[in-house]
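If you're wondering where the values come from, they're calculated on a predicted model, not measured in any experiment. Protein chains get the first letters and strands the later ones, always in sequence-line order, with residue 1 at the start of each.
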2 protein chains.
Amino acid sequence: MTLDVMMESPLVGDVAGNLRVLVGRLLRALQAQDPEDGLSMSKVSVLSRLADDGPASASTLASAERVRPQSMSATLAALEAEGLVARRPHPTDRRQILIELTEQGWQTARSARRSREDWLTRVLESEYDQEELRLLSRAIELLERLAER
Amino acid sequence: MTLDVMMESPLVGDVAGNLRVLVGRLLRALQAQDPEDGLSMSKVSVLSRLADDGPASASTLASAERVRPQSMSATLAALEAEGLVARRPHPTDRRQILIELTEQGWQTARSARRSREDWLTRVLESEYDQEELRLLSRAIELLERLAER
DNA sequence: TATTGTTATACTCTATAACTATA
DNA sequence: TATAGTTATAGAGTATAACAATA
């Protein structure tokens with residue numbers, strides 16, 4: 001125990017290397033399954049954030065999602081074309097445009113995040129017991145902190 | 001406790017929804033930082049697998065990494081051009097070409113998985129204590145099972 | 001016929017560069 | 001000048017389609 005702290009434990013190096021590889025593989029595993037709603041992860045991520053945090057400007061979304069404003073601009077144009085988000089002027093700053101979920105956007109955000117029937121849910125249910133799911137749930141909280149850095 | 005098991009616990013639905021969004025965000029966080037060795041996650045993933053499992057054919061790698069054979073073909077061509085993998089004929093099946101790590105490929109695979117200097121390692125070190133790192137390490141094992149599905 | 005692998009081509013996501021409008 | 005947003009263009013990764021060689 002004390003030893004772990006005293007010596008430079010290899011744990012952090014392992015976690016880093018394995019996590020990097022894991023994220024790529026999980027991405028492809030999730031993309032391979034999951035045609036379901038026809039939405040890319042980038043789009044779901046933006047919808048999800050708008051649902052959590054409320055309306056936001058394009059540049060706020062861009063930095064939160066760690067993409068360039070130009071990239072977010074493209075994503076938002078696509079979401080708008082699909083009727084999932086709408087734009088309204090910022091009350092005081094006329095440069096900004098606030099992005100908000102449409103009613104359909106709300107429904108999509110909800111169903112994308114909580115669809116209990118999709119592949120991932122079924123796999124989690126069959127692959128892990130309750131204790132492992134609780135561990136995963138805690139790990140996800142920890143990793144969300146990481147994703148914000 | 002018993003209640004968790006008896007009622008359809010919302011835990012699995014939460015994990016599923018949050019995990020999907022998390023993976024996308026982690027991907028971009030990792031890609032934003034981490035130019036370091038100049039290798040994409042896809043490439044590191046292939047090198048990593050070759051290091052773990054030994055030489056393999058292109059089609060084996062493709063299904064293991066969940067990409068189409070055509071996509072793996074492109075990835076392998078790039079890795080070969082960088083001198084990290086080499087090809088040798090399959091001993092019995094002349095259709096197949098076995099892919100193996102070169103000496104430089106071995107070094108790169110090792111350092112990519114255990115690099116103690118990169119952004120991710122530093123963030124992990126500063127952001128998490130030893131207990132949290134152990135939890136992450138266990139979670140990564142669990143999620144690797146998921147990535148293979 | 002089925003399998004392994006490649007080349008040709010296109011799509012998605014994200015990047016950089018250059019621009020307009022507003023603060 | 002600095003900030004918010006857009007359009008134009010390019011690169012990486014992966015997909016589908018069509019093909020050649022071998023089983």
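Atom pair A:Leu39:CG and C:dC11:P shows a separation of 19 Å (rounding to whole Å applied). Going from atom CD of A:Glu65 over to atom P of C:dC13 covers 13 Å, rounded to whole Å. If you take CE of A:Met72 and C1' of D:dA4, they are 14 Å apart, rounded to a whole angstrom. Rounded to whole Å, atom P of C:dA2 lies 22 Å from atom CZ of B:Arg94. The distance between atom CG of A:Leu27 and atom P of D:dT14, rounded to the nearest whole Å, is 8 Å. For the pair B:Leu61 CG and D:dT14 P, the computed distance is 13 Å after rounding to whole Å. Spacing between atom CG of B:Leu76 and atom P of C:dG5 amounts to 9 Å, rounded to whole angstrom units.
Taking the nucleotide of DNA chain D with the nearest heavy atom to each of B:Ser40 and B:Asp93, the more 5' of the two is matched to B:Ser40. Projected onto DNA chain C by closest heavy-atom contact, B:Thr60 and A:Lys43 fall at different nucleotides, the more 5' of which corresponds to B:Thr60. With the nearest nucleotide of DNA chain D identified for both A:Ala58 and B:Ala74, A:Ala58 has the one nearer the 5' end.
Taking hydrophobic clusters as Ile, Leu, Val, Met, Phe, Trp and Tyr residues chained together by side-chain heavy-atom distances below 4.5 Å, A:Val85 does not share a cluster with A:Leu98. One hydrophobic cluster, built from ILVMFWY side chains closer than 4.5 Å, holds both B:Val44 and B:Trp106.
Between D:dG5 and A:Ser59, a contact under 4.0 Å exists linking OP1 or OP2 to a side-chain N or O. Between D:dT14 and B:Ser42, a contact under 4.0 Å exists linking OP1 or OP2 to a side-chain N or O.
Of the charged side-chain nitrogens involved, none lies within less than 4.0 Å of a carboxylate oxygen, so that A:Lys43 and A:Glu65 do not count as a salt-bridged pair. Using a 4.0 Å cut-off between a side-chain N of Lys or Arg and a carboxylate O of Asp or Glu, B:Arg122 and B:Glu127 do not qualify as a salt bridge.
Taking A:Asp53 as the reference, nothing meets the salt bridge (charged side-chain N to carboxylate O under 4.0 Å, His left out) condition, with sequence neighbours excluded.
For the residue pair A:Ser45 and B:Arg25, the shortest heavy atom distance occurs at OG-NE, 2.9 Å. Contact record, B:Ala109 with B:Ala51: CB-CB, 4.2 Å, taken as the closest heavy-atom pair.
Counted by atom type alone, A:Thr60 and A:Ser57 present one or more donor-acceptor pairs between their side chains at under 3.5 Å.
Comparing C:dA23, C:dT6, D:dA23 by their closest approach to the side chain of B:Ser73 singles out C:dT6. Comparing D:dT22, D:dT14, D:dT6 by their nearest atom to the side chain of A:Arg28 picks out D:dT14.
Stem analysis of DNA chain C (at least three stacked-register Watson-Crick or G-U pairs, each with both distances under 3.5 Å) gives C:1-23 with D:1-23.
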Query raised in the report: In the 5'-to-3' direction, what one-character label does each nucleotide of nucleotides 15-21 of chain D receive under the scheme B = base within less than 4.0 Å of a protein heavy atom, S = sugar-phosphate only, - = no such atom?
Result: BBB----
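For the pairing with B:Leu84, the side chain to side chain contact (heavy atoms under 4.5 Å, CB included) check across B:Leu76, B:Leu39, B:Val46 returns one residue only, B:Leu39.
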